[in-house]
Amino acid sequence: MSNEKKSFVLKGAVCYNKSLKEFDARKDAYVVCVDGVSKGVFDELPEEYKGLPLIDCSGKLIVPGLNDIHVHAPQYAFRGIAMDLELLDWLNTYTFPEESKYAGLDYAGEAYDYFTDDLKKSATTRAVVFGTLHVPATKLLMDKLEATGLKTYVGKVNMDRNNPDYLTDGDCEKSLAATREWLDLVEGNYENTLPIITPRFTPSCTDELMEGLGKIAAEHHLNVQSHLSENLSEIDWVKGLCPWSSCYGQTYERFGLLGGDTKTIMAHCNYSTDEEVELMRKHGTYIAHCPQSNAYLSSGIAPIRHYLDLDMNVGLATDVAGGANLSMFRAVSDAVAVSKLRWRCVDQELAPLTIQEAFYLATLGGGSFFGKVGSLAEGYDFDALVLDDSGIRSPRELTVEQRLERFCYMQAEGGKIAHKFVAGSQLF
Ligand code: GUN
Ligand code: FE
């Protein structure tokens, strides 16, 4: 099949969320893609689509593509090691030294080849990505991501305080100038790869820099990503750095960086106060839930049920290398697991997430950041995975829902991604 073929029909077992609470699962159905957009799921193929090419995936599962809305590309190089420290020591001891290597394009080229190759093969169809503060390496990352066919946002990271001298933008003026230089290089350059404004987090960015980035985001109409209320020591530090603020979220909101005309993703929100939650609701801020990272860095457990009850925008993410791997199926099962621990150990008022709610976070929840994305229902961009679960053997007759649940828990034990489509283009 060629990459250009954007109108076709898939046949197989189908499951997807129509909303947080509505899940559609069919044993034998057709999903129709016309010009890269879904025409919906049908038990019988309507007459008008019978002329389209049919890709027979009988015996396999067809699901929406998964959206990883917070991942650090340069940290992929040290995934799965250095998991013994909490956030601030982890950044200083392992992360900043690793990110400094991206000053060199040879190292960056090799590392970003591995990252982009593996992301292409993964369950992720769309991602929101941190680069490093280096302009040439971030442009190189964008070139490589564009070539994969995945749809992504990528950020040149900004850092102008509390940095080691081997990893810094210098002062505020230099950081803003580097951001403008980067935007000149990349804006309008790509079909699938868009820039996103990326203050690392408040401890790394002066108020002046935040103000300048807010202005650039408004002038260029760009989305924003950062970190919020991930770790208790981080939150204390922000109180000291911004004594004028009454919550961490204000240190972004004051400068127009929490969302509004454009969208903002804040990773974590493990300890957001009622005031911070209200600010995020007011601005429609997206929360990137990163369950594996929150466990491995001992950061905490976000109250995702609470955020969903409040109708907030919540998506799911790997936060590599706080999380060790790129698997969004793993992120789905981890979201269920940490919600159960939170329910057991922290707050029995908040019921654990079901697998279908966690699947919603990975599909529709984060998908709306990109537009009409995250479902196979009519009108959504045709992002889809065809899953071969025949290697996860069982003598039992399983329902379609059970097959998807098993895939989320056990992809590594024999589940394969047979095909992947992004906006109707077939990546493999
Ligand atoms: N806060 C600031 N930078 C980082 C980072 O690289 N990873 C995580 N998990 N949190 C951060
Ligand atoms: Fe992160």
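Just so it is clear, the model here is predicted, and its values are computed rather than measured. All ligand and atom numbering here is 1-based and tracks the order in the structure.
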Ligand-side contact atoms (ligand 1) for residue partner [X], heavy atom cut-off under 4.0 Å:
X      : answer
Asp319 : 8 (C), 9 (N)
His268 : 9 (N)
Phe201 : 1 (N), 2 (C)
Leu87  : 8 (C), 10 (N), 11 (C)
Gln75  : 5 (C), 6 (O)

For this session: Take atom CD of Glu208 as the centre, draw a 6.0 Å sphere, and report whether it contains more than 12 heavy atoms from other residues, nucleotides or ligands.
Result: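 For Glu208, atom CD is not crowded (no more than 12 foreign heavy atoms under 6.0 Å).
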For this session: In sequence, state the C-alpha distance, the side-chain angles, and the governing distance for Glu86 and Ser233, and then conclude on side-chain hydrogen bond (donor to acceptor under 3.5 Å, both in side chains).
Result: CA-CA 9 Å; Glu86 289 184 43; Ser233 308; 5.1 Å; no
Seminar exercise, completed: Counting heavy atoms under 4.0 Å, the part of Trp90 that contacts ligand 1 is side chain
For this session: Between Glu234 and ligand 1, find which residue part has any heavy-atom pair under 4.0 Å and reply side chain, backbone, both or neither.
Result: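 Glu234 to ligand 1: no contact under 4.0 Å from either part.
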For this session: Determine which of the N, O or S atoms in Asp319 is closest to the Fe ion (ligand 2) and give its atom name.
Result: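 The nearest such atom is OD1.
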For this session: Tell me, please, if His227 has any N/O/S atom, main chain or side chain, under 2.8 Å from the Fe ion (ligand 2)?
Result: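 An N, O or S atom of His227 is closer than 2.8 Å to the Fe ion (ligand 2), so yes.
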Problem set entry | Short N/O/S contact of His72 with the Fe ion (ligand 2) (below 2.8 Å) |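 For His72, the answer is yes, given that an N, O or S atom comes within less than 2.8 Å of the Fe ion (ligand 2).
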Exercise. Using the ring of each side chain (for Trp, its six-membered ring), is Tyr76 parallel, tilted or perpendicular to Phe115, with breaks at 30° and 60°?
Worked result: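 It falls in the perpendicular class, over 60°.
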Exercise. Can you find an N/O atom of Glu230 closer than 3.5 Å to an N/O atom of ligand 1?
Worked result: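 It does: an N or O of Glu230 is found under 3.5 Å from an N or O of ligand 1.
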Exercise. Is there any N or O on Thr95 that sits under 3.5 Å from an N or O of ligand 1?
Worked result: no
Exercise. Is a side-chain donor-acceptor pair under 3.5 Å present for Thr132 with Glu99?
Worked result: no
For this session: Run the ring-centre check on Tyr271 versus Tyr248 and record whether the distance is less than 6.0 Å.
Result: no
Problem set entry | Over-ring placement of Lys372 relative to Tyr380, 6.0 Å and 45° cut-offs | yes
Problem set entry | Face-on cation placement of Arg305 at Trp343 ring, 6.0 Å and 45° thresholds | no
Problem set entry | His283 and Thr285: CA distance, side-chain angles, deciding distance, side-chain hydrogen bond (donor to acceptor under 3.5 Å, both in side chains) verdict | CA-CA 5 Å; His283 295 287; Thr285 313; over 6 Å; no
Problem set entry | Atom pair CG (Leu194) and CG (Asn189), whose distance is rounded to the nearest 0.5 Å | 11.0 Å
Exercise. Atom 3 (N) of ligand 1: which protein heavy atom is closest, and how many Å away?
Worked result: Arg200 NE, 2.8 Å
